[in-house]
Every structure is written in C-alpha cells, then in structure tokens.
Amino acid sequence: MSVLRRDPTSGRWVIFGNPPPPVRTPGDPCPFCEGHESMTPPEVFAIGPVGRKPDTPDWTVRVVPNARPLLRIEGALERHADLIYDTTSGTGAHEIVIETPQHHRSLTALPPAQVALVLRGWAERIRDLKRDARFRSIFVFKNQGALAGAWLPDHTHSQVMALPVMPKALKEILDTARAHYRVKERCVFCDLLREELEYGERIVRLSDRFVALTPYAARYPYEFWILPREHGADFETGTAADFGDLAEMLLATLARLEDILPEPAYNLFLYSSPNRDQRRGYWTTLAQDFHWYIAVMPRVTQVAGFEVGSGLQANAVLPEDAARMLRSATALRGGEEA
Ligand SMILES: [Zn+2]
Ligand SMILES: [Zn+2]
C-alpha cells in the first residue's frame, strides 16, 4: 500500500511506495492489443457493441486498472496527522485508457473518429470516479516517448488518476482563477481567450468550439493549450459533437508538432474541475471561475538543476515563434489550415 505525505513547507504532496517499472523484453506480446485482454487486469470500461462480454475482443476503447498502480482503489481512506505532518493512505485510482485495439505507437496514427471515442472514454471515467467521495481530484494525462516518462508498452494509451488530495499545481491554478474572479467577476481564461483572439499572434488554430494557442508564458518549447471557446469548468460534460471537434483540433495540432519535432516526446495533461462534493462550500464559484483545458508540453530537454530547485523554467522558444511554426508547418494529415 502506498502512502501520500504532504510537505508542510511547500504544501506539496508526494506519493511513496511506487512500484518499479515492469521489465519487458522486445518481442513480448503487447497486453494492450486486441485478443490479449487476459493479459491485463479486468476492464473497468469499454466502448464496444451492445452485448459484448467484458475482457473479450471487439472493443474500440478499453480502460483497465494499471497493473502496477501508484494508488489503489481498495480500502478506506485514512488521513491522519503525523507530528506536524499530514499523511494520507494511497487510496485512489490509476487506470490505463487503451486508445485503440491495434498496435499503434502514437495518437496521431488514429482517425479523428477514434480519438473522439478516446475523449468520450476520458469523460466516462471522470464522471464515474467523481461519484467516489474519497477522491478530491481526477487527472487524465498522456506520456508520449521515453523522455516524457512513458514506460508502459508503446501501444498508444493515456492514464487516469483519481487522488485523495488536491495537488499543489492544480490548487495554484484554481486559487489564481478564483482570485481573478473575485476582483473582476470574470473567468481569467475567458479574459485570456478574448485578448488572444483579438491579438492573434499566439493563436495556432481555431474551430467552431475550440482554440489552440501557445500560452504567453509557456514553460516548454512549442507548448500549446486547447481551450473550449465557450466557458465550462467540467470536461466530462462535453457532447459527442464537442469531442469530435476537439479530436480534430488535437490531431491537427499534434501533426504540426510532429512536423517540427520528429517523433516528439510530450506530456499531455487535462486540467479539469476537481470533485466539488468533497468540500462543500469551498469551491463555490468554481463553475464560473475555472475553465477546463488541455496542455501539451513537449519534452525537448531534460529539466536542469536551476529549474528543479527554483521551479522557474527556462524556455528557448518564444511562444509567438512557436505559434507561427505550429501554424505554418506542413501537416502531413489533419486537414485545412487554421
Ligand atoms: Zn499493442
Ligand atoms: Zn471561462
């Protein structure tokens, strides 16, 4: 059983008891491929035809618990004080979203309709995990490439984590958004979108429902965000039309990133609302003040000592230059120009 500890000097939580990565030798069968369902823990969700039996072939998206999870769903949540410290049992969920039954290494190998199903899978899992009162925050993320920390089979997948705590990075974003709202009575992300759309220099791509842009103070070279144009705090309330549009937007922008950086390593992170039921009265304006978004953070260089110690990152590519390159790169796939 893992355990979470909170550092009282920074407010940062750390998970202890991480399992070592599994040793896989080249040539081992891939547990994520269709037909190998018995090689994973029993599935928790799948998209497939009506009447399909769990853990059998004929699925399009399949979600299974991580066989070597950082957190486990079983067991009561225990919180206690330990001297001046806070500790919490490693109760949570750690799931793998297998994004296709075929052995593709990258999301960009998939057609938009398949990626839309992956997004629906994320939404279904978030909805389900939010019903569990033990969890305060739920994350969806994707590690592409070894530099981004991918160590599971190189069969394209994303991960879902439900945590019994609110990580500092998310809390800082939520606190900042709430502070802006208290002063201006407006969502900081809606304000940012309005300005960026007028200014235009950091806009990468536009659709009816979404905007891809490079953030003003991007931490990573070619980092981009995708935000819904209409205000919303909860990713999981998206419609099939939303996910269809978002899938095209994500694929088109990732395809342009691949033109600039061949086989890019990146972390994709979905920042969406935490579980509001957990602390009634605490996130009262969250629906108005927070705006969900996806951040794609390419990993071009290793994080250096100064950045580790100071939390202040250095980025060699100005976001305006990154946006221009992401706009003009000749995408091999992904359709029309933004
Ligand atoms: Zn595979
Ligand atoms: Zn907003």
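- Arg6 CZ: more than 12 foreign heavy atoms inside a 6.0 Å radius.
- Using a cut-off of 4.0 Å between Lys/Arg side-chain N and Asp/Glu carboxylate O, Arg194 and Asp191 are scored as salt-bridged.
- Heavy-atom contacts from other residues, nucleotides or ligands closer than 6.0 Å to CZ of Arg52 number more than 12.
- The local environment of CD in Gln313 is crowded, with over 12 non-hydrogen atoms from other residues, nucleotides or ligands closer than 6.0 Å.
- Of the candidates Glu99, Lys142, Glu95, Ser158 forms a side chain to side chain donor-acceptor pair (under 3.5 Å) with just one, namely Glu99.
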Exercise. Determine, step by step, whether Trp13 and Leu163 satisfy the side-chain contact (heavy atoms from CB on, under 4.5 Å) criterion, reporting the C-alpha distance in whole Å, the side-chain angles of both residues, the deciding distance to 0.1 Å, and the verdict.
Key: CA-CA 11 Å; Trp13 286 94; Leu163 302 177; over 6 Å; no
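- Residues Arg62 and Val64 are in side-chain contact: their nearest non-hydrogen atoms beyond the backbone lie under 4.5 Å apart.
- Applying the 6.0 Å contact sphere to NZ of Lys168 captures more than 12 heavy atoms from other residues, nucleotides or ligands.
- Ring-centre distance between Tyr271 and Phe235: not below the 6.0 Å cut-off.
- In this structure, Glu230 places its CD atom where only 12 or fewer heavy-atom neighbours from other residues, nucleotides or ligands lie under 6.0 Å away.
- Ring geometry for Phe189 against His291 counts as tilted: the plane angle lies between 30° and 60°, on a 0 to 90° scale.
- His94 and Phe141 have tilted rings, their planes meeting at an angle from 30° to 60° on a 0 to 90° scale.
- At least one side-chain heavy atom of Thr60 sits less than 4.5 Å from a side-chain heavy atom of Gln114.
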